[in-house]
Amino acid sequence: MSFHPLMAYDRARFQKSERKIADEGPPFVFTPERRAKLDDILTKYPPDKKRSAVLAALYLVQEQVGYVTAGGMRHVAGILDLAPAEVEDVATYYVMFFKEPVGKHVVQVCRTLSCALMGAERVTETLSEKLGIKVGETDASGTFTLLEFECLGACDRAPVIMVNNAQWYECVRPEDVGRLVDDLTASKRDPAFSGCHLKVEA
Ligand code: FES
């Protein structure tokens, strides 16, 4: 559902759960650096509990490719002694994993109650107009993907926008959107899919 009657909730395009997803696509192998990173993460778990590292492993796949591929899920399943379907279950449950290519900047606007009451719909509409794409779409240049998100945990600073799971914008007004997009367009920053909100930006 959407709090905005005119904005269909199209996130399912990115998070849809289709069992066949893990059977498709080319093979995937971690770069030596990412494999070493995962091996280091695995030292934090007892050998019979290494499946608990599945989220970290999927983040590494997304960091390497830009989204979670079927080959990446199969590769993770092999390393963690899981069935590919189990990895797919995780990847399709958590909304921070993308199952198809996204833009360099994934702009996610919180649409839950506090943000909705503080005008998130207007922010999303203005973003949509500025970027020339609807919610759930990526622009032709592959620079921006626009998504709606559920509560980002900063309700007292609504409306909130998160970019690439890393950049954080609070108390956003429609009139701020132009500068935000221009700043991102000019940014040399690489896509960040760390999943950790370590950077807080005004
Ligand atoms: S409702 Fe938007 S951050 Fe909680």
Side-chain angles (χ1 to χ4, degrees), residues 1-17 54-56 58-63 66-68 89-139 142-187 189-202:
M1 65 168 267
S2 167
F3 285 102
H4 193 294
L6 298 180
M7 289 202 167
Y9 186 45
D10 198 21
R11 196 174 181 90
R13 233 182 98 225
F14 289 86
Q15 267 75 41
K16 65 183 175 186
S17 178
V54 64
L55 290 179
L58 287 171
Y59 271 124
L60 289 170
V61 173
Q62 185 154 281
E63 183 182 273
Y67 67 107
V68 175
D89 283 344
V90 174
T92 53
Y93 177 80
Y94 288 101
V95 295
M96 59 278 205
F97 296 122
F98 304 114
K99 261 64 71 186
E100 63 180 74
V102 291
K104 178 182 176 187
H105 303 294
V106 181
V107 179
Q108 303 180 106
V109 185
C110 175
R111 61 172 203 161
T112 311
L113 189 58
S114 296
C115 288
L117 290 173
M118 292 301 288
E121 302 92 339
R122 299 284 87 78
V123 170
T124 305
E125 281 180 342
T126 310
L127 271 168
S128 182
E129 286 166 15
K130 171 82 177 170
L131 298 173
I133 54 176
K134 296 176 186 163
V135 173
E137 291 182 347
T138 299
D139 68 356
T143 307
F144 288 98
T145 296
L146 177 61
L147 297 174
E148 290 181 311
F149 214 79
E150 299 303 338
C151 182
L152 290 165
C155 315
D156 62 321
R157 305 290 292 162
V160 178
I161 293 176
M162 180 171 69
V163 179
N164 290 352
N165 290 355
Q167 294 159 262
W168 200 257
Y169 302 87
E170 300 172 338
C171 304
V172 181
R173 301 160 301 171
E175 54 267 38
D176 299 328
V177 161
R179 185 173 59 86
L180 187 154
V181 171
D182 292 343
D183 286 352
L184 288 172
T185 302
S187 168
R189 191 194 302 254
D190 287 333
F193 289 105
S194 70
C196 298
H197 304 150
L198 300 178
K199 283 186 186 293
V200 177
E201 299 188 358

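Order of listing sets the numbers, starting from 1, for every ligand and every atom in it.
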**Report entry** Under 3.5 Å: donor-acceptor pair, side chain of E125, backbone of P174
**Finding:** no

**Report entry** Between CG on residue L113 and CZ on residue R111, distance to nearest 0.5 Å
**Finding:** 12.0 Å

Report summary line: Residue set satisfying side chain to side chain donor-acceptor pair (under 3.5 Å) with D139, at least two apart, ordered chain then number -> S141

**Report entry** Check: L127 and I161 side chains under 4.5 Å, non-hydrogen atoms
**Finding:** yes

Query raised in the report: Between D176 and R173, is there a side-chain N and carboxylate O pair less than 4.0 Å apart?
Result: yes

**Report entry** T145 side chain vs G103 backbone, donor-acceptor pair below 3.5 Å
**Finding:** yes

Report summary line: Using heavy atoms and a strict 4.0 Å limit, residues surrounding ligand 1 turn out to be C110, T112, S114, C115, C151, L152, G153, A154, C155

